[in-house]
Amino acid sequence: MSTDVKTIPQEQHIAPNGIKLPIYMDNHATTPMDPRVLEEMLPYFMEKFGNAASRNHSFGWAAEEGVETARERIAKLVGATTKEIIFTSGATESDNLAIKGVAEMYKEKGNHIITAVTEHKAVLDTCKRLEKYGYRVTYLPVQKDGLVDLDDLKRAMDDKTILVTIMAANNEIGVLQPWTEIGKLCRERGIIFHTDATQAVGKVPVDVNKQNIDVMSISAHKMYGPKGVGALYVRRKNPRVQISPIIDGGGHERGMRSGTLNVPGIVGLGKACAIATEEMPKESCHLAGLRNRLRDKIMGRLDEVYINGTMEHRLPGNLNISFAYVEGESLLMGINDIAVSSGSACTSATLEPSYVLKALGTGDDLAHSSIRFGLGRFNTEAEVDYVADRVVETVQRLRELSPLYEMAKEGVDLKSVKWAAE
Amino acid sequence: MSYSDKVLDHYSNPRNVGSLDKSSQDVGTGLVGAPECGDVMKLQIKVNPQTSVIEDAKFKTFGCGSAIASSSLATEWVKGKTVEEALQIKNTEIVKELSLPPVKIHCSVLAEDAIRAAIHDWKKKNNGVAQNVPATTEARQ
Ligand SMILES: Cc1ncc(COP(=O)(O)O)c(C=O)c1O
Ligand code: FES
């Protein structure tokens, strides 16, 4: 395109109060790397470049040592043992491996899988593919607060159910499913429980034994580690869970995932987990404080602002709100020195609003008006204050421009209007 | 998503924001789109009953930046035109003027619809009268 096209965000600049712009507040999409993680990784690119599978020289041993330290650190963070950690290329692969791997391994036992409508596409589309191969999948609805109803789950379980796959924390609305209770229900019935914990690991405490988790997906780039590396926890005892590989080859990772290990990435994931183990209690208080500050500053100054999903069971860094009468993309455009995301159709390639918000029963109009704020380790109070001011200003400006706001103020019931486009 | 300078300009300084008295005989109101679809445009015109020239236009839009820019531009373009001239405005011209990418073409379609809806409303209000008015100002001169 011609030169008169600007990309958003623009280059870095400094706001009058000294904060650096643009501000990154989209930590559910990905997190910046923690410098301590990078530092730990660096030697594994050049000096310790060996193949962790080379068993007969020191280059291989050095790489293997890095990998095994990482395995220990991950295991420690989630209460697992090292032999239960399989390295992958990220949570998408982990979800695929978990679901397809269990489905194939246990197909003699049954063909029924239970999941929920608000899962990540890595889970939903994997389940859809399995339906083509003759599996039966139940997609549980969620309640208005974003959580699955445990009674629905119980009712859906039958003697052909081999797997329940329900996420720990949702990537859009940050709500934490009752995973401990789900684990218990599955264990009582001998059903394997997989949880996509991509957004939860490193943010909230996880204990695979106390929570009866059998298989769990982890990704490094959501917890200040590098992109393109993740892990799958696979339970080895009480009960032993087996999964068929989806990638065949040299038999790495106990045959469950062939392919030369991404040693620097794995080392980075390990360090990210070690930091989380140390700092999670403090960090989650800090993040919840910032998040609540943002919420209060916005909601104190604007009417008709709605929080999507329960505040009670939620990631500390997540805030997802709908600003009635204002379309999300136009709001993003107004706050273009702040990186957040929206559930509006106008921002998506498919021109469909967020399926997660729709599943909550949030009207489509409010889904179009939603903004996801994802606070992270490096956000500051000054940034939160700046973001709140910019959001409030922009929403006020756009409401002045909104025919819906005007109609609502005139007392028109927008639901009763016959819209031309319908 | 990238925006052209013109979209950014209309978004930051939208022209002709506001409302006209929709009960007035001279005012035509177009309300198109639906909140569920993420876009609603209200475009109003005030037409001179003698000349059928659009003397004023106002808009309000719920929608993306391109939708806001398309409707802002539409109000600029209809002003000073007769209703018949305004009916000739094509969404493709809006696309060209604002350098809208393919995914945003429907926002310009909505603006064209809004112009048509406003004129339709005005004509409905002034049915007999409107038809007696010569089609273009040129024709009168
Ligand atoms: C809940 C959830 N699952 C899976 C993924 C995919 O993770 P990755 O990017 O590591 O493949 C993401 C990230 O977008 C996610 O948020
Ligand atoms: S209004 Fe949705 S893309 Fe323009």
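Throughout, protein chains are lettered first and strands after them, A, B, ... in sequence-line order, and every chain is numbered starting at 1.
If you measure heavy-atom distances from B/Ser12 to chain A, the contacts under 4.5 Å come from the backbone alone. Of the atoms belonging to A/Ser342, not a single heavy atom falls under 4.5 Å from chain B. Contacts between B/Val17 and chain A at a heavy-atom distance below 4.5 Å involve the side chain alone, from C-beta outward.
Looking only at heavy-atom pairs under 4.5 Å with chain B, the residue among A/Glu400, A/Arg399, A/Glu352 that has the most is A/Glu400. Among the candidates B/Gly18, B/Gly65, B/Ala117, the residue making the largest number of heavy-atom pairs closer than 4.5 Å to chain A is B/Gly65. Each of B/Asp113, B/Thr61, B/Val7 has some count of heavy-atom pairs under 4.5 Å with chain A, and the biggest count is that of B/Thr61. The most heavy-atom pairs under 4.5 Å with chain B, out of A/Gly334, A/Ser344, A/Gly363, A/Ala345, come from A/Gly334.
Within the 3.5 Å criterion, the main-chain N or O of B/Lys90 finds a donor-acceptor partner in the side chain of B/Glu93.
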Item to complete: Apply side chain to side chain donor-acceptor pair (under 3.5 Å) to B/Ser108 and B/Asn91, showing your working.
Response: CA-CA 5 Å; B/Ser108 69; B/Asn91 84 290; 3.0 Å; yes

Discussion item. Is there a side chain to side chain donor-acceptor pair (under 3.5 Å) between A/Tyr24 and A/Asn379? Walk through the geometry before answering.
Written reply: CA-CA 8 Å; A/Tyr24 189 74; A/Asn379 287 123; over 6 Å; no

Practice prompt. Decide yes or no on salt bridge (Lys or Arg N to Asp or Glu O under 4.0 Å) for A/Lys415 and B/Glu36, but give the supporting numbers first.
Written response: CA-CA 10 Å; A/Lys415 301 261 180 278; B/Glu36 294 74 37; 5.4 Å; no

Worksheet entry | salt bridge (Lys or Arg N to Asp or Glu O under 4.0 Å) assessment of B/Lys60 paired with A/Glu406 | CA-CA 9 Å; B/Lys60 285 201 174 190; A/Glu406 180 182 67; 3.4 Å; yes

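Considering only heavy atoms from C-beta on, A/Tyr355 comes within 4.5 Å of A/Lys121 through its side chain.
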